[in-house]
Amino acid sequence: MIHSTAPVTAADFEELLREGERWLDLASGRLVRLEPPDELHGNVVYNLAKAIAAHLRRNSEVLACFDVGLHLRRGPDTIHCPAISCFQTPGRFGEVEKLVTDTPPSLVVEVGSTPDRRESLSDRLADYRAAGVPAIWVVDTVTRHVHQHLPEGLPRMLKPQDTLTGEPVLPGFAMPVAQLFADPPWVGR
């Protein structure tokens, strides 16, 4: 994890994304360069995205976006780019073209796949909660667990034999946790 020393604004951060930079966060005005995600991170995002997309074909009020910067705090700016963000929005494509959005999502999916991502999870969760994100799923690629932080009750830890459900944001969504970590169909060909 590499931190910048000069203050970085949300506009500076968005320009870096526009220039093609990836795996960045902005934490209280400090640029944070994260390690590139590993293969298992990619498997989790692929498998979850595929399952969410199939589910969303039946629900026109939720939009899934990938690696969109969430502008969570100003003065100094904080922006996180989780793997997946789901927005409840009547305009289906409102957030798709944005690199950074001020719109709070209804669900954030973080993948704790590299040491720096795992180390920063508690701060990221606190930032999402402070910004009013009601549901957060943290996929742990080391333990192969999913930690669901929902609006009501204590966080739930789901193990590979459990089923990940989408309530309250994705009602009716269900996926075996073990399936998150499966190799895509093209692996081994």
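These numbers were taken from a predicted model, which means no experiment stands behind them.
If you take CD1 on I52 and SG on C86, they are separated by 4.5 Å, rounding to the nearest 0.5 Å. A distance of 11.0 Å separates NE2 in H71 from NE2 in H80, rounded to the nearest 0.5 Å. The line from CG of L16 to CG of L99 is 11.0 Å long, rounded to the nearest 0.5 Å. Atom OG of S85 sits about 4.0 Å away from atom CG of L70, to the nearest 0.5 Å. Taken to the nearest 0.5 Å, the OG1 atom of T78 stands 11.0 Å off from the OH atom of Y128. Considering CG of L34 and SG of C81, their distance stands at 8.5 Å, rounded to 0.5 Å.
Of all the heavy atoms in H145 and F181, the pair that sits closest is N-CZ, 4.3 Å. When all heavy atoms are compared, the tightest approach of F87 to T103 is CE2-O, 3.2 Å. For the residue pair T114 and P36, the shortest heavy atom distance occurs at CG2-O, 3.6 Å. Across every non-hydrogen atom of M175 and A51, the tightest pair is SD-CB, 3.7 Å. Between L150 and A135, the shortest heavy-atom distance links the atoms CD2-CB, 4.1 Å. Of all the heavy atoms in V32 and A27, the pair that sits closest is CG2-CB, 4.1 Å.
Checked by atom type and distance alone, the side chain of N47 pairs as donor or acceptor with a backbone atom of A182 at under 3.5 Å. A donor-acceptor pair under 3.5 Å is formed between the side chain of D116 and the backbone N or O of E35.
Between I84 and the options V68, V109, V139, V111, a side-chain contact (heavy atoms from CB on, under 4.5 Å) holds for only V109.
Partners of F13 by ring pair (Phe, Tyr, Trp, His ring centres under 6.0 Å), not counting sequence neighbours: none found.
Using cut-offs of 30° and 60° for the angle between ring planes, the H147 and H149 rings count as tilted.
There is a side-chain donor-acceptor pair under 3.5 Å between R73 and S28. Side-chain atoms of D12 and T9 form a donor-acceptor pair, as typed in the model, at a separation below 3.5 Å.
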Checklist entry - Run the side chain to side chain contact (heavy atoms under 4.5 Å, CB included) check on F173 and L56 step by step: do they pass? => result CA-CA 9 Å; F173 175 83; L56 293 182; over 6 Å; no

Show every donor-acceptor pair shorter than 3.5 Å between a side-chain atom in residues 17-24 and any protein atom, with sequence neighbours excluded, or say none if there are none.
| residue | atom | partner | partner atom | Å |
| --- | --- | --- | --- | --- |
| R18 | NH2 | E14 | OE2 | 3.0 |
| E21 | OE1 | R33 | NH1 | 2.8 |
| R22 | NH1 | L17 | O | 3.1 |

Report all side-chain donor-acceptor pairs from residues 152-170 shorter than 3.5 Å, counting only partners two or more places apart or in another chain.
| residue | atom | partner | partner atom | Å |
| --- | --- | --- | --- | --- |
| R156 | NE | Q148 | OE1 | 3.3 |
| R156 | NH2 | Q148 | OE1 | 2.6 |
| D162 | OD2 | K159 | N | 2.7 |
| E167 | OE2 | G172 | N | 2.8 |

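Between D102 and R74, at least one side-chain N (NZ, or NE/NH1/NH2) sits under 4.0 Å from a carboxylate O, which counts as a salt bridge.
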